[in-house]
Amino acid sequence: MKKILKKSLHILCTTLGIIPFMLTSCNYLAVDEYFNDLTPLDSIFARQDYLERYVWGTAALMPAQGNLFSGSYGPYETAVDEVLLSWQKAEYAGTYLYADKITQNDSYYNMWGQYYKGIRKCNTIFTRIDECKDLKGLDRREIMGLTHFMRASFYFYLLELYGPAVILPEEPLSVDENIENLSFERNTYDECVEYICKDLEEAYSLLDPTRPSTQFERPTKYAAAALMSRVRLYQASKWYNGNQYYADWTTSDGRNMIAQQYDPVKWAKSAAASKRIIDSGIYSLYTVPSDENTYASSQASQAEFPLGVGGIDPYHSYIDMFNGEALAVKNPELIYATPLNNNIISIAFPLKLGGWNGLGITQKLIDAYYMKDGEDYVQQPDYYEEAGTVPTIATGYELRPTVAKMYLDREPRFYASIGFCECFWPATSVTGTEAPNVTNFTAGYYVNGNCAKQAANPEDYNLTGYTLKKYIHPEDNCTSHTGAKIKPKTFPVFRYAEILLNYVEALNELKGKPEYTEAADNTTYHVLYNPEEIMYYFNMIRYRAGLPGITLADAADQVKMRQLIIRERMIEFACEGRRYHDLRRWGLAETEENKPVQGMDVTKKTTERDQFYTVVNVVHKYALRSFDRKMYFYPIPRAVLDKNAKLKQNPGWDGFGDW
């Protein structure tokens, strides 16, 4: 492959959301004469190097999925019941959504035009690629695979944010077309899914199955398969599969935008999409070997992982994937990844360590975590007292004696993900004479504690008494002192744990349904309800977390498994942007998002420990939530609607329907 194609792929995959391990400059976004949209297409498709620049210019329109908070491409982490930010502003516009302050006239998360620009560019590549006479066969295959992947992704992002989208004609339209010919109405949700999956099947057939470590940034065919797993899961779920709420939402010729008849075959297709990745044998859950400090449940099977907790360190097997400790190129769980935006670290870090101190985790997420033995937390009379004697959680993790007893004996993922009052922050990257003041810090979220609000920054304080440590490395420090730094990190867009839980959920929903066979990529996938498989794959997640597994009786109880899956996804994917979509596809957003936000009572002093460690409804203007059914889909910008008479607003945002 030519040198310029390698450079192009490197740049392409960086903007696609793949980790730029070998990239040292960001100048690739500079617009030159061949990257400029005004460059005649005849020139672009005349030579391979020009075409490649056009391809990576298309990839530059893909969203940065590692921007979970600031600069996010959607409200997916700032408008969900996992978190409560201490600010309500445009930078975190999802906070406006849950407060019902978004209108169709706002420009927040206005991605409609950007995604359609990307789609048009993809269509142009497909239409004109044969004009590039010096394009070699292997290079053509790679470009076609990447373009199918990009077009499917653009449509999927539209589907996630706005719901049913407009599927454009594949022949690019001339800008000289009559305005009527440039106006289109939306396709149905199912039509969009089938179109996306058709593109993904093409990408799957064209892209390579694996990547050498020197080309880790390249997406493989399994990135396409993982996206198909996710979109098929959405399609099969309650809100998009037989939802009578949308009975009156139809196209001009009477087709329902959301399928009105429940179809169990959609769950079978979802299961088959996930099983394809499982059967590849390429991916596995990331694990770290156990040592003398390993913390896991003695009630769990002690067999070697994945049949038990034996041989692994559950804490490091989880946290090292997110905090930068694990080398991404050697992580068998990562299917598709992107650089993480460090804003998430800054907003979680205490003020005295240079952070903004305003990322609060809700009590709902705290209560979801299991105890070490797999049971629910039960409050004891001395819950607020100092522990004094604390257990060893893992090598490199310190639990201070001042911690409240209510935080003892929690599952390893709790300690890996959550920062709580009296939590220890090593922050050891700082060196110099002032280092003792900004390292080995124990956080106090009391009203008079060392993380309390300050006059200069009155909004920079934690509203719930909990924060997120999932993406924070022990060396990270946000201060400006000599040697301060934040370790580079990756964000897992798709990881194998999601595929396993997608598959388990799909199988569970097939209980009592007939067998299903699907042929794809020259392979036949036979899908059949199987509680033993449900137990096996679900327990992989549980054992990796150091917890006891479920029993076959649990796995055979469809209703119980549903609830276990909902809870497991909340814990396993905490603050990864998944819960926003899960609550919507399950039809639970109205119920869950309208519950009061709870946390510790941060209005209490250090001398009022018993009151501080009491669960209360957070009393703050930013804690007020009002989820309306219209919020299942984000509004299409009014400016977009004004340009297309055939395009209708989402239900509830423009006086549509009885909502």
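One-based numbering along the sequence shown.
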Before you tell me yes or no, could you show the steps for Arg567 and Ile571 under side-chain contact (heavy atoms from CB on, under 4.5 Å), namely the whole-Å CA-CA distance, both residues' side-chain angles and the distance that decides it to 0.1 Å? CA-CA 6 Å; Arg567 184 172 180 179; Ile571 299 169; 4.1 Å; yes

Determine whether Lys269 and Tyr516 satisfy the following criterion, side-chain hydrogen bond (donor to acceptor under 3.5 Å, both in side chains), listing intermediate values before the conclusion. CA-CA 8 Å; Lys269 289 183 175 181; Tyr516 172 81; 4.8 Å; no

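A distance-only check finds a donor-acceptor pair linking the side chain of Lys470 to the backbone of Ala574 [under 3.5 Å].
Seen from the ring of Tyr286, Arg495 does not count as a face-on cation partner, given the 6.0 Å and 45° thresholds.
Each of Leu340, Asn323, Asp476, Thr490 was checked for a side chain to side chain contact (heavy atoms under 4.5 Å, CB included) with Tyr471, and the lone residue meeting it is Leu340. Of the residues listed (Glu509, Glu160, Glu505), the one engaging Arg585 in a salt bridge (charged side-chain N to carboxylate O under 4.0 Å, His left out) is Glu505, and it is the only one.
In the displayed structure, Lys198 atom NZ is contacted under 6.0 Å by at most 12 heavy atoms of other residues, nucleotides or ligands.
In summary, the aromatic rings of Tyr222 and Tyr204 are positioned with their centroids under 6.0 Å apart. For an aromatic pair to be called close, the ring centres must be under 6.0 Å apart, and His316 with Tyr397 fails this.
A salt bridge does not link Arg276 with Glu518: every distance from a Lys NZ or Arg NE/NH1/NH2 to an Asp or Glu carboxylate oxygen is 4.0 Å or more. Taking a cutoff of 4.0 Å between a charged side-chain nitrogen and a carboxylate oxygen, Glu194 and Arg232 qualify as a salt bridge. Looking at Glu568 and Arg413, a side-chain N of the basic residue comes within less than 4.0 Å of a carboxylate O on the acidic one, giving a salt bridge. Arg578 has no carboxylate O lying under 4.0 Å from a charged side-chain N of Glu572, or vice versa, which leaves the two without a salt bridge.
Ring geometry for Tyr240 against Tyr189 counts as parallel: the plane angle stays under 30°, on a 0 to 90° scale with 60° as the upper cut.
Side-chain contact of Tyr415 with Lys469: a donor-acceptor pair under 3.5 Å is absent, judged by distance alone. A donor atom on one side chain and an acceptor atom on the other are found under 3.5 Å apart for Asn123 and Arg151. In this model, a donor atom of one side chain and an acceptor atom of the other lie less than 3.5 Å apart for Arg569 and Asn502.
Sorted by first then second residue, the ring pair (Phe, Tyr, Trp, His ring centres under 6.0 Å) pairs that include residues 538-588, not counting sequence neighbours, are Tyr76-Tyr580, Tyr76-His581, Tyr234-His581.
Atom-to-atom distance recorded for Leu583:CG and Ile566:CD1 is 8.5 Å, nearest 0.5 angstrom. Taken to the nearest 0.5 Å, the CE atom of Met321 stands 4.0 Å off from the CD atom of Glu333.
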